[in-house]
Amino acid sequence: MRLTRYFLPVLKETPSEAQIVSHRLMLRAGMIKQASAGIYSWLPLGFKVLRKIENIVHDEQARAGHIPIQMPILQSADLWRESGRYDAFGEEMLRMQDRHGREMLYTPTAEELVTDIFRAHVGSYKDLPLTLYQIQWKFRDEVRPRFGVMRGREFYMKDGYNFDLTKDAALHAYNRHLVSYLRTYERMGLQAIPMRADSGAMGGDNTHEFLVLAETGESEVFYDAEITDLKFGDRAVDYDSVEQCQAVLEEFTSRYARTDETHDEALFAQVPEDRRRRARGIEVGQIFYFGTKYSEALGATVVTPDGSRVPVHMGSHGIGVSRLLGAIIEASHDERGIIWPEGVTPFHCGIVNLKQGDAAADAACDSLYKALTAKGLEPLYDDRTERAGAKFATMDLIGLPWRITVGPRGLDKGVVELTSRRTGDSEEMSPEAAVDRIAQIYS
RNA sequence: CGGGCUAUAGCGCAGUCUGGUAGCGCGUCCGUCUGGGGGACGGAAGGUCGCAGGUUCAAGUCCUGCUAGCCCGACCA
């Protein structure tokens, strides 16, 4: 993409509404624009990152064998009355009426709806196990939205629901999700620590939250320092293997790690003192096993091999897709701007032409652009007639992890400069070598 | 939902106390000089001063009501 043909409304000054760094940077980098309290439009750069994150989630869901569906944003109140949550959910649920006076609501989650789909179409143990998920806009009418997309009222979320014949099978689904989520977050360049959590309005007693450590996190967390050394890495886990998933769960949840909701000082005291950590975290996902709570309320049953009929065991699992942009920025930025992890960067690299209009520089940039594109990479070419400083400042702000700097001075020696946004390290090399290096980084 | 605050050009703000021709910086547009970290100079465009009513010869400024947004707290993916 050529910057002169893109829409990237960057701001030099910070809008006064933004308090925390991710919100400020998202506004300054032209990623979002507030539409009303806690509700945002996604501008091209922000939308691109949102899609990248969404794609990673879809990809990892597919790997775990989960099946994508799409359920409506507006739902009838009827099902929610059946489950008893219409009243239980309270003011957070945005309610409205259609022209006939029917009570409707903007979905805050979808246990009822997915269970309704299940009970209508699934009747036999032979159809199990089944995990359906969607990535869809949700709405929770927070009393006080803040922190940009980290705590908006409208938010984009992956919500998944597993249906299993037995409790053991459902617990395997729970473990499988934990493994799958570890992979998902690592691909985004994040370390998200599973912590024992509170089940809140979902019900059930088996639940973990995934937290990204960040000073601006909304939750206070307590953990054993050893846990941050754990890396999921590139291990090949068979998602169908009960033992393998169980082993990963045990590895990642055996050390002390809890949010303030479930924190237990006596247990925490058993962690060696030099490893006890108290910090803040951003919640980016949660997994639940809640058994037959919804299947019983809504009559979602299956016939077992012996011919009896039993309610299915269920769990639900969420990843805060839109919130992740804020979490990633909170975890990865400096005073000059965002630093995108390679896995979610909106463009693979930037090309900065230091002297737009100079025949040699223009030609070198064009040829770099073509070579990168030919390798399936997406560069952002700053072809504005701005001064070098302005171009560097924009690149630093929007956070592309790699920058190729092209100027007459270097071209005289036959080189361009490849710079890492994260480390600031620069290296001179031929344009061809720069293309190869970028391609290698993303291979 | 309790407490505090704000609303003036795309963004950041002054002007409101003490009523009298709506300003500054950044950004935008044009020109010249520049050209490896938000450069300089000259020119220009851009405003129902959140909305409605009131007081007054005259309201951005005073009064009343409303709306929207922000901060602290409680709450929350």
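Below, chains carry the letters A, B, ... as their sequence lines are ordered, and counting in each starts from 1. Treat the numbers as computed from the prediction; the structure is a model and nothing was measured.
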Which residues share a ring pair (Phe, Tyr, Trp, His ring centres under 6.0 Å) with [X], sequence neighbours left out:
{"X": "A:Y156", "result": "A:W137"}
{"X": "A:F139", "result": "A:Y106"}
{"X": "A:F163", "result": "A:F118"}
{"X": "A:Y133", "result": "A:H58"}

Using a 4.0 Å heavy-atom cut-off, does A:E386 contact any base of the nucleic acid, only the sugar-phosphate backbone, or nothing at all? base

For A:E91, answer base if it contacts any base atom (sugar-phosphate contacts may also be present), sugar-phosphate if it contacts only those atoms, and nothing otherwise; contact means non-hydrogen atoms under 4.0 Å. nothing

Neighbours of RNA chain B within [range], by heavy-atom distance under 4.0 Å:
{"range": "residues 322-357 of chain A", "answer": "A:R323, A:R336, A:L354"}
{"range": "residues 150-162 of chain A", "answer": "A:R151, A:G152, A:F155"}
{"range": "residues 56-84 of chain A", "answer": "none"}
{"range": "residues 24-49 of chain A", "answer": "A:R28, A:Q34, A:S36, A:A37"}

Would you tabulate the pairs of protein nitrogen or oxygen atoms and nucleotide nitrogen or oxygen atoms of nucleotides 32-34 of chain B closer than 3.5 angstrom?
from, atom 1, to, atom 2, distance (Å)
B:rU34, O2, A:R387, NH1, 2.5

With sequence neighbours excluded, tell me which residues meet salt bridge (Lys or Arg N to Asp or Glu O under 4.0 Å) with A:D366. A:R2

By side chain to side chain donor-acceptor pair (under 3.5 Å), A:T394 pairs with (sequence neighbours left out) A:R384

Partners of A:R81 by side chain to side chain donor-acceptor pair (under 3.5 Å), sequence neighbours excluded? A:E103

